[in-house]
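Have a look at the structure below, then the notes.
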Amino acid sequence: MSTSSSIQSVHLKRIEHYVYLHLENPALTPAMVAAACHISVRYLHKLFAELPYSFSEWVKELRLKQANHILKTKSYVTIDEVAHRVGYSDQGYFSRIYKQHFGYTPRDTPSTSASTG
């Protein structure tokens, strides 16, 4: 039992690493990730079935958290640039889901830097 869970853990770490490296790719799909991690799409979904979220929910969460980090540190030029850096080609859609998730728009994200932009 523990052997299979440690194997699953290794696969999940590999998936996580790949997704972080390719977060900016709007076409990041389970098939692409599974192929890169040398597992089947079915097995990828099976790994996530045991977690409280699906693969796509997890990727969305990672993208939004990364966008929030970029916005808080003010390490960007435009909101559109931030959207593209985390894999969203449609800035309007990005802004809507960002506000749904955090309760404020990307533009209204509080800064963590000491300077006032």
Side-chain angles (χ1 to χ4, degrees):
M1 198 72 145
S2 67
T3 305
S4 74
S5 68
S6 65
I7 290 169
Q8 290 172 336
S9 178
V10 168
H11 285 301
L12 285 169
K13 290 265 186 251
R14 192 178 308 135
I15 291 165
E16 182 178 22
H17 180 72
Y18 182 84
V19 169
Y20 271 119
L21 290 177
H22 298 89
L23 211 51
E24 79 286 348
N25 183 349
L28 192 64
T29 63
M32 178 189 299
V33 175
C37 296
H38 309 291
I39 60 174
S40 69
V41 175
R42 184 175 179 191
Y43 184 65
L44 181 136
H45 287 300
K46 183 177 184 270
L47 289 169
F48 279 86
E50 298 174 16
L51 300 175
Y53 38 76
S54 69
F55 173 79
S56 60
E57 291 167 339
W58 176 71
V59 171
K60 178 181 170 184
E61 179 78 16
L62 287 180
R63 286 180 163 155
L64 291 172
K65 283 181 177 178
Q66 182 63 24
N68 186 256
H69 173 74
I70 293 167
L71 290 162
K72 282 185 173 202
T73 58
K74 302 290 186 199
S75 57
Y76 67 97
V77 178
T78 65
I79 301 299
D80 191 49
E81 176 193 332
V82 175
H84 281 87
R85 281 173 60 184
V86 297
Y88 291 103
S89 52
D90 180 341
Q91 182 195 330
Y93 174 72
F94 165 72
S95 293
R96 279 193 305 281
I97 64 168
Y98 186 92
K99 185 174 182 182
Q100 280 178 333
H101 188 80
F102 292 104
Y104 45 79
T105 65
R107 197 167 310 289
D108 294 332
T109 300
S111 173
T112 55
S113 66
S115 65
T116 55

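- When all heavy atoms of Leu44 and Ala34 are compared, the closest pair comes out as CD1-N, 4.0 Å.
- Taking both residues in full, the closest heavy atoms of Lys74 and Ser111 are given as CE-CB, 3.5 Å, listed atom of the first, atom of the second, then distance.
- When side chains are defined from C-beta on, Ile97 does not count as touching Arg63, because their heavy atoms never get closer than 4.5 Å.
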Under the side chain to side chain contact (heavy atoms under 4.5 Å, CB included) criterion, do Val33 and Val59 qualify, and how do the steps go? CA-CA 11 Å; Val33 175; Val59 171; over 6 Å; no
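- Put simply, Val77 and Ile70 are part of two different groups of oily side chains (I, L, V, M, F, W, Y) that touch within less than 4.5 Å, one to the next.
- The heavy-atom pair separating Met32 from Ala27 by the smallest distance is CE-O, 3.1 Å.
- For the pair Ser95 (side chain) and Gly92 (backbone), a donor-acceptor distance under 3.5 Å is absent.
- The shortest side-chain heavy-atom distance between Trp58 and Ile15 falls under the 4.5 Å cut-off.
- Using a 4.5 Å heavy-atom cutoff, the side chains of Glu61 and Tyr53 are not in contact.
- Side chain of His22 to main chain of Tyr18: a donor-acceptor pair is present (N/O by atom type, distance under 3.5 Å, no hydrogens or angles).
- For the pair Ile79 and Thr105, the minimum side-chain heavy-atom distance is 4.5 Å or more.
- Among all heavy-atom pairs drawn from Tyr93 and Asp90, the shortest one is N-OD1, 3.1 Å.
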Step by step, work out the side chain to side chain contact (heavy atoms under 4.5 Å, CB included) result for Asn68 and Tyr98. CA-CA 8 Å; Asn68 186 256; Tyr98 186 92; 2.7 Å; yes
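- Cluster annotation: Val10 is not connected to Leu12 through the hydrophobic network of ILVMFWY side chains, with a link wherever side-chain heavy atoms come within less than 4.5 Å.
- Counting heavy atoms from C-beta outward, Leu23 and Val19 have side chains that approach closer than 4.5 Å.
- Counting only residues at least two apart or on different chains, no salt bridge (charged side-chain N to carboxylate O under 4.0 Å, His left out) pair has a member in residues 42-59.
- Note: Phe48 and Phe55 have perpendicular aromatic rings, judged against thresholds of 30 and 60 degrees for the angle between ring planes.
- For the atom pair NZ of Lys13 and OG of Ser6, the computed distance is 12.5 Å after rounding to the nearest 0.5 Å.
- The distance from atom CG of Leu64 to atom NZ of Lys99, rounded to the nearest 0.5 Å, is 14.5 Å.
- With sequence neighbours left out, His17 forms a side chain to side chain contact (heavy atoms under 4.5 Å, CB included) with Leu21.
- Taking the six-membered ring for Trp and thresholds of 30 and 60 degrees, Tyr43 and His11 have ring planes more than 60 degrees apart, a perpendicular arrangement.
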